[in-house]
Structures are given as structure tokens and as C-alpha cells.
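Here's the structure we're looking at; comments come further down.
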There are 6 protein chains.
Amino acid sequence: MKLLYLLPGNVRDGGLGEAEMLRRRDVLQANAFPGTVVEIADVATGPSSIESMYEEYQSVPGSVAAIVQAEKDGFDGVILGCAGDPGLDAAKEMVSIPVIGPGENSVLLAAQLGHHFSIITVMDSIVDALEHLVLKAGVDRKLASVRSVNVSVLDIGKDPDLIRRRALEEAKAARDQDRADTIVLGCMSMAFAQLDKEMSAELGIPVINPAIAALKTLEGMVAMGISQSKKAFQTPPKLLK
Amino acid sequence: MKLLYLLPGNVRDGGLGEAEMLRRRDVLQANAFPGTVVEIADVATGPSSIESMYEEYQSVPGSVAAIVQAEKDGFDGVILGCAGDPGLDAAKEMVSIPVIGPGENSVLLAAQLGHHFSIITVMDSIVDALEHLVLKAGVDRKLASVRSVNVSVLDIGKDPDLIRRRALEEAKAARDQDRADTIVLGCMSMAFAQLDKEMSAELGIPVINPAIAALKTLEGMVAMGISQSKKAFQTPPKLLK
Amino acid sequence: MKLLYLLPGNVRDGGLGEAEMLRRRDVLQANAFPGTVVEIADVATGPSSIESMYEEYQSVPGSVAAIVQAEKDGFDGVILGCAGDPGLDAAKEMVSIPVIGPGENSVLLAAQLGHHFSIITVMDSIVDALEHLVLKAGVDRKLASVRSVNVSVLDIGKDPDLIRRRALEEAKAARDQDRADTIVLGCMSMAFAQLDKEMSAELGIPVINPAIAALKTLEGMVAMGISQSKKAFQTPPKLLK
Amino acid sequence: MKLLYLLPGNVRDGGLGEAEMLRRRDVLQANAFPGTVVEIADVATGPSSIESMYEEYQSVPGSVAAIVQAEKDGFDGVILGCAGDPGLDAAKEMVSIPVIGPGENSVLLAAQLGHHFSIITVMDSIVDALEHLVLKAGVDRKLASVRSVNVSVLDIGKDPDLIRRRALEEAKAARDQDRADTIVLGCMSMAFAQLDKEMSAELGIPVINPAIAALKTLEGMVAMGISQSKKAFQTPPKLLK
Amino acid sequence: MKLLYLLPGNVRDGGLGEAEMLRRRDVLQANAFPGTVVEIADVATGPSSIESMYEEYQSVPGSVAAIVQAEKDGFDGVILGCAGDPGLDAAKEMVSIPVIGPGENSVLLAAQLGHHFSIITVMDSIVDALEHLVLKAGVDRKLASVRSVNVSVLDIGKDPDLIRRRALEEAKAARDQDRADTIVLGCMSMAFAQLDKEMSAELGIPVINPAIAALKTLEGMVAMGISQSKKAFQTPPKLLK
Amino acid sequence: MKLLYLLPGNVRDGGLGEAEMLRRRDVLQANAFPGTVVEIADVATGPSSIESMYEEYQSVPGSVAAIVQAEKDGFDGVILGCAGDPGLDAAKEMVSIPVIGPGENSVLLAAQLGHHFSIITVMDSIVDALEHLVLKAGVDRKLASVRSVNVSVLDIGKDPDLIRRRALEEAKAARDQDRADTIVLGCMSMAFAQLDKEMSAELGIPVINPAIAALKTLEGMVAMGISQSKKAFQTPPKLLK
């Protein structure tokens, strides 16, 4: 199967650069089942990073267009590569191939692994938005907390140790003060810094990498021949060609 | 006070035309308290009508830019003139003046008028999105149902009797089968067709006109000097100038 | 329009005295839109202050009778002037003009301004009652906390600085410990001490004055010609004349 | 132990008359455990029947005064004899002996007997009030429906067959259409018509008699030496003597 | 009436021994209404103590068989003597006589006595299971917290002072930090150590003894001739003889 | 990776026979990713079919023992092959390898595919148990309905057309009357009759096969090196060796 990991921002010419894009593709490919090919793309019209609802919305027209094109280009499924799932319902409306929102997917997985999960994200400005994501996903009763490291996405690359240390601090606080028994990394920069194994070993509880978890769920959906319900995500008649 | 009613779609050159825009402005002005001036604008880059999440997202970048400009131009508050409140949280992030989402505002008013409210909207494709709006607004326990008339926005103008008859049919069903004691018109074309008084007289229960209700709430907020919480809707640091 | 602000206790001869009643009328009138006349009245059979459910119930027969009389006297709407909304549903049953409960109205407004609101009230003995009010209003998922200053209503007048200082302390605790992004003053003595502007400036988040907010909502309802649903608040057949 | 069953309306000189009061006392006494003495009283200042929130509130000042007196007179506990539990929280505030609300008590018992319960009550005008009672009791997730027979309390005595037939009809509809597996009689006239055994035999599911269930819970509480929490139901300091 | 208190573990030859079993029978008998006879039994195939879901499940086949036999032996009702209610729904399916789960019964009683209750239990490993019990009982909105003393069941007997002191410490923390106004003892060893009266006197709030509360509810149900709904707890056709 | 699909009943010598077991193994193997080996086993001490909570509990001691042994035998993960997930939490307590409950896993997947899902199961007697499963999984707000075909598990094999026709009928009713946009097969006999593709084509909405979905999720978890949280599912100290 051929899958697209779509970065809904301007990565190549914006913050992170093409080398980081290719490195992320390699991380995903290395985690794929035999027979899966993962390609990666970004959205040139998108923001350079996403730390607010404003930036989420800025990314959507371009990323949905890219997902529509991906279906035409024969991809079997798409991962919308941002933990806030910007425009996920619009993307699900416009294509028939499965589209995974790594935020939604991770919190539903967390609900299966434990009773109380916490999300560790980048900035305070996105905490309420992630709470709404969990509410819409339906598992808000199992949400222990959303905590932010308050390190901007574009600063994460500058000091990898800082994000590693801060993420672990907040995850420990989530475990010890908020009763979290499961952690979700709520940011793709943390995901591709591959902090999950190290943090899990340190914390003694599961830590979900949203990028890898999205990949495994998408591979499963494609293998099962299953996708989002078109009764739930209707393509409006006037947009059908 | 000076208020902006922003149509988040391309109305002038799209479906409805400038005359309808001016008529809507007049309806709002006629319903304003003394001292209030209402101006109206549309978003040229927006869709011609909104009946899906896809179209909601298409409207957002242009409408948020228009709201940011409105604050600079000295408006005291803005109504985001679509019952689905597209991009409302982004708009609240980006300005300090109050921004009203007519959908959110109407369902909170409905929760004050009765115990069980129903929303009557245009198309089946937008029903689940309105349920999510109610969930996010927080009054989902009082939602009796969302019912659609299944008449496209752009067809409403063509046959005013059709929408009048269908809206009344669905509202009666909401009252008699779903236990609704209060009705919210979940579409601005219904709002500006001013169906609310006639329907309320026929049904014997309150019918909320989301355009007028938004105006009255906004006038109240401006008069009180109150606006959305900037702790809840943070402007991301990098976007502050 | 002509509106009645009804104090459901014995204010003239009880705690606060007629001068305070007249001052409150002036505060309301000064906050009204052009064309609105606000009158004020108290309930001679009511308690001198309300800090328990017992006192709430004591106030109801007299205040509902006064509201029924107000409708006969041509008032266009009534504010039931206590943040606990004592007997609100009974009042809504017995008249057709809109009756505003400042508690219910303020928490629904708070749900529109932010994601997590806290109520600051007078005494611990009324905290659970306010939580029930929020539950019945339907926005309990957005309630961060109810905090009390533990200063009795009748002591508020004696030491205005005490209530000012204590209200600010508890609101800060709500913001910093309970995650409140919006504050509701849950007591009419705080409302008419007009602490809201000063507190909001100090806290950096909106503070809702329940008296003024009730006035603006009532003016909006009267202007729209809308009132509580008589399907939700039925007048029992035997009480219809 | 000595228990008071308090009718919160004017029964002796109002609707039902003293003979009915004495008959009810006998029904309760016949259902008591050995050693329990049940006395009965009404509230002369209360309404002749309760089918609205307005009438509920009318009953409260008199019934709470009677309950305060009962404690002074040495009663070990009180049943507030109306399925709407009017003023229950005020009564719990003002005395230390246990006070049972038959509505609250019955729905909590129903939650123990099955998964989905329905309440059968007298008039449509009280349906929403009973839903609020269930919400406040905390078991709203288990509420299948509240159905009314639409027979006025004072007409129940005139045609015992009518109420018997209508209650059974609505209970069958609750079982077959609303998935109820347990029925609560939501009216004391139905309770003392002792419809429960006959209905249960006919329906094949438990039917809770709120009067008898209240008696058994109160006997249990008195035997255990347990009562409502005075932290939850605080007597306001100024009312403590 | 003749009631069985069934210990779902191996008590006689396991941890506690026959003398403790007989002492518990005497405690229950001493708390029974006149005319009630309480017998006690254990389950030889059950675990020696229950501090995990694994042990809960181990106890079920034996205890359900014992309850089926109790019905045949003419018992009028059974108490499943563990605060975790292991296999309660299976027991309710297999017999017509009422079966009380002391956990479920206590939390529903707590919901009647106050607004916020806490459960004090033995081990951290059972905390989440008790939260699920409360969720299934339906009163999760009233749950303040579940706190454990972290003393193993089999160690309770060795140092009665330890459990007394630790239970009081955790209950005070529940009252002062978690806002509990009512306490449920979530362990039968605490129940039969009869800590409730002493703790309640110390704390100033009600403390529910689950063993005695179960007895009083069961006596009430048997007296009313009421039992679990067989529509809610269906005996599968193939198991009907 | 090496995975065990454990049938928690006596299949070989009970209802279905060894040939059916082997056929099921082949179905799973055919759906596995390259590199996955699926073995199958049953529980000789378990019931011949599971249509009640009683039978669920009967299966648990044997199936948990088998899962503990599977971990010792080097399996990388286990599927507890019954849609009711009997004893799932006990199994998660006793091993470190991931254990999938196909019921829990399917409803969390359904929550990702749509907004409202229905479960189609075998017998009315298991409907409430599946509702509790959904409540515990946390996605009850998205549950449209649980519907049963009322065909006993052991009769499914006798008339494959009956179950096919009845499942489709109930799924259509779920879609058209209960608003389901996604269907979960709530029975392993339906899963291995592989009704999902055919039903989905007929209904136009996704139909989840719980056996295959469990396999894909388990393969994903093993590949990610992730398992249930041992903080959420603690092994009690005395059971640690």
C-alpha cells in the first residue's frame, strides 16, 4: 500500500527544511509493515508552525486540496501530520480513502491502554484546543490533563535537550499529580524527536508517539478495506463531480 | 457603537448579490438599539454558500483577516454571519473586540428559554457539524435534535414558500416528536427570511432568529465593555506585533 | 420598555435600606439602553439576606406574587435580583413576560466568553446550591469552580474593602489554581459594589456583573419579542384564569 | 422509632380530607418494621395539590417549619410526602434528623434495580421538573423517560379506574418504547392507590411505590444512626440558635 | 425473613478464619430489624482476599453458585459481601431473590446523603475498579475521590490501629482536599472493624458502613417484595430449567 | 511476531468443533501482515457460548490462566476472542504483553470512523452488558444503539442465511432509525461469518469486523512496542512472583 504523510504547514521553505522532511519520511518508512510505502509532502501555503487555532485554520485549504490530489494520485490513505488534526472533518468529507488525524487517533488509543491519559504539548495557547479535540473524539471522561512545555515548535530544533527535559517533567507531573497512567505526545516535533521510548522507560507508563500510532492505524484500515463513514462525513452534493 | 456583520462567503458576486446584502444590513439596523450603527461586508475569497465543513474551512482565512481589519477600522464588535460559526475561535484569538458566533450564541440563549431545543437547518450534510457546535458550546444535554429541511441555501431564494413550509414542518416534528420547547433557526437564509415570528406564532413556542439574537448579545457586550477571554483565546506570541 | 428589577428579600426594612435600593436603581438605569426605564422593588415578606437554600425558598412566594403583579402593571420584563435565581422556574411558569435569573444568565454568558469559568460568591453555605444552578443551566462541563469569600451579605456593606480584597483573592486563585479564564460574580452585593471593572483590569480576564448582564439580556429579549417557552414552563391549568 | 410522614399541602381542608390522611397513615404503619410508629400531618398553608413548580414553592415555607417542629417534638426522621421533593434541600439544611425526599429516594433505588427506569407521573406540567430532580439526584444517565397520565391529582380520587388504566398504559409504553426495565410511580396519589403490586405483576418488571420505599429507607437510616451530611446541607450561621 | 451474607472468598480456611466469620454474623444480626435472621457463608473456591480485578473474577463462579443454592434453600435475599461487588450482575441474572452489592448500594446511599462522596479503600490496585463501579452505578458526577490506605486486607487484622489511623487520615484528606461531604468505607474489613461511628464523630460528616447499609436495604427490599428487574438482568434461555 | 487468538469458551468439544477453530485461525492468518503468525486456542473449562454476564464470568478464570501461560510461551500479544471482552481487565493486570478486547477495540475504532455507531449482537440478554462495555470504554456519547438479532450463538451455524438476513435488517434499522453511520458486529460468530464486507456494500456505511480489527490493532501495538498501562492495570503485589 502507498500512504501519504502530509505536513499541513510550509516545512520545506518555512521552519524545518527539506532534510528534516526526508528524515521524517525515513522514520515512518522504518516503522512501516512490509509492503507499505510512505511518502511525505508539505503544504506550501500553510503556516511555518501551528500553535493556535488561527494557524490551524490557515493550514486547512491547502492541506485539504493536497489530500484530494493524493486520492487522485492513487494513495491508499493519508495522515494529516499535526497533532491538532486541523481540518480533519473537511478532509474526511472530500475523499473516500481513509484520513487519520493523529490527535484523535492517539487519544482513542490511549483510552484503550489505560483509564486516565494526559497530553503533553508545546504551548499553552493550544491547550484548550486539544481539550476540545478530546471532547469531540468522545473520550473526555478519560482525559487527566493537557500540559504544555511552553517551548515554541520552532525552538524545539534549536535545543533538543530542552524539549526532552521539559516533556519529561510535565509527563511526570501528569503521572503524579493528575493521575495519568498513559501519556500522549501532543506535538509532531516531539513525535519525530522520538521521545516516546525513552520517556516510557523513565516513567514506567506507556507514551504514545502520534506519528507512528497514526501510521499503524492507517495500515490497519487500508488492510481491512475500511474508511471514514460517508454518512458521517458527507460530501456536499454541489462538490460532487 | 459601530458593529460589523460579516458574511463569511462571497455574497456580492456569488449567490445572493449586493441587493440582498444591503437588505440584510437594513434588517439588522432596524433591529438595533438607538445609537448602534450596523455595517455589513462579505468575504470575496469565501464560498458562495456553506453546507459542509469543507466550505466552513474555505471561508476562514478571509473572514478572520476581515475581522482583524475591522478592529483596526474602529469597529466595536463583529458578528460572524453564519450559523455554523466557521473559524470563530480563530477570530476570537486574533482580536480584542467581541466576536459573536450566531450558532453558539443562539444555543446558549435557547438554553435560557427552555429545557429542550431543536435546531432547524438547511442540509443533512451539516447536521453533525451543528451537533458538534452544541457540544463545544456546552449545552448538549439540552439539545433535542438537529433537523434539516434539505433545501440548499442557494435554492432558498428561488422558492421562499418552500423553505417557509419545510422549516415549519420540521419545527413541528421537533416539537411533537423530539420534545423541543424552543427552536433555533440554524441558517442565516432562514434568519433573514425572518421566519421566526410567523413560526413562533404557529408553533406556540419561541423561535430564535440567530442574526437578531447575535446583534442583541453583541450590543450588550459592547455596552458592558466585555469581550471574549484572552486567556481562553490566546493570541500566539509570534502573531503579536 | 419598562423593566422591573425585583429584590427578592426585605431590603427596605431589612438589611440594606431604601437608599441602597434607590442607588441600585440608578446604577441599572445608568447602564440601560436609551428608551429603557428600570424600576426597582423589594419583597417585604422575604428574608433580609440569602445565604442558604432555606432563605431562597422563603423568598419565593412573595417574589413570584410580585412578578405576577408586575406583568399586570405593564412591565415588559423582570429581573429576579439574586444570583441564586430563587424560584425562577415558578416565576417563568406564572407570567408570559421574560423573567431573567441573573445566575443562569451569567453562567450562560460566561460559557460564551471562555472555556472555564469560576463563580465567586459570599458564603460556603451557598456553594453547592450554585453548582446545582450551573448543572441545571446545562454548562457544568465549563465550570472551573465556585469559590466563596466567606463574608456574610450583611457584613459586605460594613467593610467594602474587605469584600473587594477577598473577591480579588479568590478570583486570582480561581484563575491560577482552577484554570478559570472567566469570572462570574455570584452575589448581588458584589455586583452593585461594581467590582467587575476593577477586578477584570487586575486579573486580565473578563468578570461578569450579574446585575448588568441580566439587564442587557432582558433588554435584548424584550426588543426581540421573545420570552421563556411556555411549553417548558407550563402554567398549570387550574391556575389559569 | 417515631417517624413523621408530612403531606406538604393542605389535605385536611383542601382536596383529600382527613379520612384519606388517616388511611394513608394506616397504609404506612402496616408497612413499617416492628417498633416503628408512623404519624402523619399536613401543611395548612400549602396548596391543595402540586402539579407545577409554582405549587411546589408554595408548599415549602410551611413544610420546612413543620419539619423543624417535628425534630423538636422528638421525631427520629421525616418523609416529605410529595414525589417532587419540594424544598428538600432546605429541610435537610434546617434539621439534623434524616429527611427523605421520596422522588430522590425512588430514583436512586431504581438505579439499583435496573439499568433504565421510567417515572409515571400525573401531569405534563411536572415532567420537566422531574427530569431536573433526576439530574440533581445524579442518575440521569439511567433515566429512560418521564411519562404523564395527564390526570389531575384531584381527579384521581374521582375515578380510581382511570388512573389505574392510564398508569398501566404509560408504564407499558415506557417498557416497550423507552426500554424501561424499572418503573417509579411519580405521584403520591398513585402511591397510596397502591398500584405498584398490580402493575408489577402485569408488566413483569419492578414498580417502585415512593411512599413505601421512602419509609423503608428512613427506617434504615434511623437504625444506622445516619443522616444527611451537614457539610452538604449547611445551616447558615445566622439561623443557628 | 432469612438473609444470607455471602463472603465471596475463602475465609474459613483462608485469611480470617471461622471465628471472624461468626463475629461478622453476630454484628449483622445485632443490626437487623426484629424478625430478620442473618446467616453467613463463605466460598471455599474463592481467593483469600480481593485487591484486584483478577481476584474479583476468581471469586465469581463459586459465589454465584452459592447464591443460586441460597435461593433454592429458601433465603429471601443475599448480600454479596465484598465492596467491589464481584459478579453482581451475574448473580442478579441467575436468581429472583434480591442480591445486594454493598459497593453499588453504598454509593447510591451516599448520593442521597450529600453532594460529593469519597470512597476509602484498601489498596491502590483497586482504586480504578471502584471508579468503574461508581460509573456503572450511575453516580459518578457525585464522586469526589477514591482514596486507598495502602494496607493489604490480610494485614488489617494484624494491626487494627494502623487501619483506623490510616482510614481517618485519608477520609480527612478527602473531606478537606477533595470536597467530600460523605464517606463510604470501600472495604469489608473496615466495615466489620466498625470504624464508621468513630470516624463520623471525628470527621463531622456521615460515614457509610457498606455491610450494615446493605443489610438495611435488603431488609427494605424483602419487606416491599421488590427485587432486581429481570428485564435488566435476564436469565439466558438455555440456563432456564 | 507471534499472536494468540484465544476463544474463551469450550469450542473444540463444545459447540463449534475443532474444524471451525482451524478455519478461524486461517481467516486470521490470511488477514495478517507479513511476518505475523497467528495461533488459536480455546478454554476447555469455559462455556459453550456466551450470551449473558453469567457465562462471561464462567469463562474468565480459564481464559486468564491461558493468557498468563501464553506470555510464558513467548507470545507477543493476545486477542480475547469474544465481543463482550470477558475478564479483559483481569487479563491486562496479569500480563505485560498487550491483550486486546475486541469489543472495546471495535467501539474505539468506530468512534474514529463516524459520529454515531450501533452494535449488532446476538441476544437481547447481552444488550445491556454491551452498553456497559461502551460506557467503560468511554465512547458512550457516540453510541447510537445496541440491537440484537435474537438468534442464539449456537443456532448461527445451523442457518447461516438467517443470521445474514437478520444482521442486515437490524443494521438497516440502526442506520435509518437510530442514526448510526457506522456498524460494529458485536459477536464473534458474525465476525467469522465475515458478514462485514457484504453488509457494508449493502448499507453504504462501514461495518467493523471485531476479529480482524483486533488483529490489526494488536499487530500495531506489538510493532510499536506498546502495551496496556501497568499503572492502570496493576498486578497486585501478592500475585507477583
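In the text below, chain A, chain B and the rest are named by the order of the sequence lines, each starting its count at 1.
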Measure across [X] and [Y] and return the closest heavy-atom pair with its distance rounded to 0.1 Å.
X      : Y      : value
B:E219 : C:F33  : O-CZ, 3.6 Å
C:G114 : B:A232 : CA-CB, 3.7 Å
C:L135 : B:R141 : O-NH2, 2.6 Å

Check: Using non-hydrogen atoms only, which part of C:K197 is less than 4.5 Å away from chain B: side chain, backbone, both, or neither?
Finding: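 Just its side chain gets close to chain B.
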Check: What part of C:I226 gets closer than 4.5 Å to chain B, counting heavy atoms only: side chain, backbone, both or neither?
Finding: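 Side chain only.
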Next item on the list: Measure the spacing between CG of C:L113 and NZ of B:K230 and express it to the nearest 0.5 Å.
Entry: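 If I round to the nearest 0.5 Å, the distance is 12.0 Å.
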Check: Are the side chain of C:S229 and the backbone N or O of B:D181 linked by a donor-acceptor pair below 3.5 Å?
Finding: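 Confirmed, C:S229 side chain pairs with B:D181 backbone.
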Next item on the list: Give a yes or no answer on whether the side chain of C:K231 reaches the backbone of B:A180 with a donor-acceptor pair at less than 3.5 Å.
Entry: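 Between the backbone of B:A180 and the side chain of C:K231 there is a qualifying donor-acceptor contact (under 3.5 Å).
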Next item on the list: Measure the shortest side-chain to side-chain distance between B:L109 and C:M224 over non-hydrogen atoms and say whether it is less than 4.5 angstrom.
Entry: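 In short, these two side chains touch, coming nearer than 4.5 Å.
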Next item on the list: Measure the shortest side-chain to side-chain distance between B:N105 and C:Q112 over non-hydrogen atoms and say whether it is less than 4.5 angstrom.
Entry: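 The answer is yes; the side chains approach within 4.5 Å.
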Next item on the list: Name the member of B:L215, B:V139, B:T36 that forms the most heavy-atom pairs with chain C at distances under 4.5 Å.
Entry: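 Option with the top pair count is B:V139.
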Margin query: Taking every non-hydrogen pair under 4.5 Å, which of B:A223, B:G204, B:A110, B:A137 racks up the most with chain C?
Written below: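 Result: the option with the highest number of such pairs is B:A137.
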Item checked: side-chain contact (heavy atoms from CB on, under 4.5 Å) evaluation trace for C:T217 with B:K216 -> CA-CA 8 Å; C:T217 299; B:K216 304 325 283 181; over 6 Å; no
